[in-house]
Amino acid sequence: MADDCGYNRICMPTTVCSFAKINLGLAIGPVRADGFHSLTTLYQTIDAHDLVTVAARPAAETSITLTSNDPQVPLDERNTAYKSVKLALGLKRVGAEVRIHIDKRLPVQGGLGAGSANAVAALIGLERELGAHGIAPLSGPERLGIAAQVGSDVPLFLVGGAVLGVGRGEEVYPMPDLPVTPCVVALPEIGVSTPQAFRDWDARHDSSPQSTLTEGAGSDRLKGLSRALSAALCEPHSSGVFQEDLAAKTGSPANLVAGANPLHALVRTGIENDFEEVVFPQNPLFGEIKRVLAGPEDPEAAALYVSLSGSGSALFGLYGTPDGARAAVARLDGMGVRSVMTETMPRERYWRSMIVE
Ligand code: C5P
């Protein structure tokens with residue numbers, strides 16, 4: 001989609017990798033006055049991605065045209081990429097002719113934040129395109145504000161890596177990164193509606209704003225998870241300070257010294273995804289996939305951690321070795337469930353790999 005952008009130059013559009021996320025623990029709290037639920041989660045970006053291509057140039061009138069290879073993607077103002085671009089142009093008070101193509105490789109509603117990531121990818125593509133015409137980029141807070149308006153799990157994609165999400169999930173804080181870890185995402189063909197999953201949660205737990213009893217208990221659970229996440233990821237033993245001493249004494253590489261991977265510390269805290277309680281009873285396949293991802297008792301082959309991602313329907317397993325992950329893919333193939341083998345994506349790599357040159 002080369003584009004004649006004037007001044008006798010042919011401009012190439014910008015293609016952005018729109019990486020997905022998984023949730024390492026998710027606790028649902030009370031309903032807030034605005035109807036959203038407070039929550040605490042640890043988002044982790046992964047290498048699986050869609051591709052978002054943006055061509056843009058200043059114009060007297062704004063026009064945003066969307067195309068996609070996937071007929072399930074809405075091509076109008078309901079599209080998250082459309083929303084973020086519209087908000088950005090409004091905030092900059094700039095008119096532009098914008099064309100966005102979304103090459104979908106991930107499920108549209110899978111709990112992997114794919115649509116939310118598309119919104120950030122489009123924003124980054126837009127800024128790069130307009131930057132070539134001398135239009136200054138948005139400030140960091142402006143970008144985060146737009147992302148939060150588009151959806152609760154959009155701002156995390158402006159941070160990348162391991163990200164603490166609080167508030168309704170839109171208040172994001174970068175956390176120390178986990179080592180790159182093999183990951184298998186299982187993609188059962190089951191639709192899960194996020195608003196319905198929240199309503200199902202409310203039906204089982206009195207999380208209404210009026211329930212002062214639950215307010216206390218719910219908030220305590222959120223704080224408990226935040227503390228557990230911070231402790232597991234930020235303690236000196238997780239950051240390798242003690243491991244380097246031990247590694248020096250034993251002559252082993254620091255990341256191979258037992259317990260050096262903060263993921264182990266994280267799993268030991270007992271992180272869980274609250275959505276499993278309401279989503280799993282909907283279909284026995286969820287529990288079956290979780291068992292298959294977990295694998296045999298053999299600690300060499302078993303998953304380090306298995307969970308539903310967001311409200312699903314994707315589930316994921318994290319493994320100690322690529323072989324462990326490959327074996328999980330084979331087990332899922334055997335039961336006829338589509339899966340993607342990928343790995344977790346630390347922050348620096350997330351940003352370095354984002355623009356397809
Ligand atoms: O923010 P987002 O558009 O992704 O949210 C979709 C829906 O999920 C909301 O309209 C709301 O019903 C529900 N939700 C919620 N609490 C959150 C996030 C989402 O109740 N923290």
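No experiment lies behind these values; they were computed from the predicted model shown. Atoms within a ligand are numbered from 1 in the order they appear, just like the ligands themselves.
- Atom 2 (P) of ligand 1 has its nearest heavy-atom neighbour, among Ser152, Gly167, Pro195, Gly165, in Ser152.
- With ligand atoms numbered from 1 in the order given, ligand 1 contributes 1 (O) to contacts under 4.0 Å with heavy atoms of Gly151.
- Nearest approach of Ala114 to Lys104, heavy atoms of both residues: CB-NZ, 3.8 Å.
- Using a 4.0 Å cut-off between charged nitrogen and carboxylate oxygen, Lys92 and Glu142 do not count as a salt-bridge pair.
- Salt-bridge annotation for Glu189 and Arg338: absent, with no side-chain N of the basic residue lying under 4.0 Å from a carboxylate O of the acidic one.
- Between the side chain of Ser84 and the main chain of Ala119, a donor-acceptor pair closer than 3.5 Å is present.
- Electrostatic pairing of Glu272 and Lys290 does not count as a salt bridge here, judged by no charged N lying under 4.0 Å from a carboxylate O.
- When hydrogens are left out, the protein atom nearest atom 5 (O) of ligand 1 is Phe36 CE2, 4.0 Å; that is the closest non-hydrogen contact.
- In summary, the atoms of ligand 1 found under 4.0 Å from a heavy atom of Leu39, numbered by their order in the structure, are 21 (N).
- The nearest heavy-atom contact from the protein to atom 19 (C) of ligand 1 is Phe198 CE1, 3.4 Å.
- For Asp153, no nitrogen or oxygen atom sits less than 3.5 Å from a nitrogen or oxygen atom of ligand 1, counting backbone and side chain alike.
- Polar contact check, Arg168 against ligand 1: a nitrogen or oxygen pair lies under 3.5 Å apart.
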Which is it for Arg128 and Glu357 under the salt bridge (charged side-chain N to carboxylate O under 4.0 Å, His left out) test, yes or no, and what are the steps along the way?
CA-CA 12 Å; Arg128 199 166 191 261; Glu357 299 292 354; 3.3 Å; yes

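- Contact atoms of ligand 1 toward His37: 15 (C), 16 (N), 17 (C), 20 (O), 21 (N) (distance under 4.0 Å to a heavy atom of the residue).
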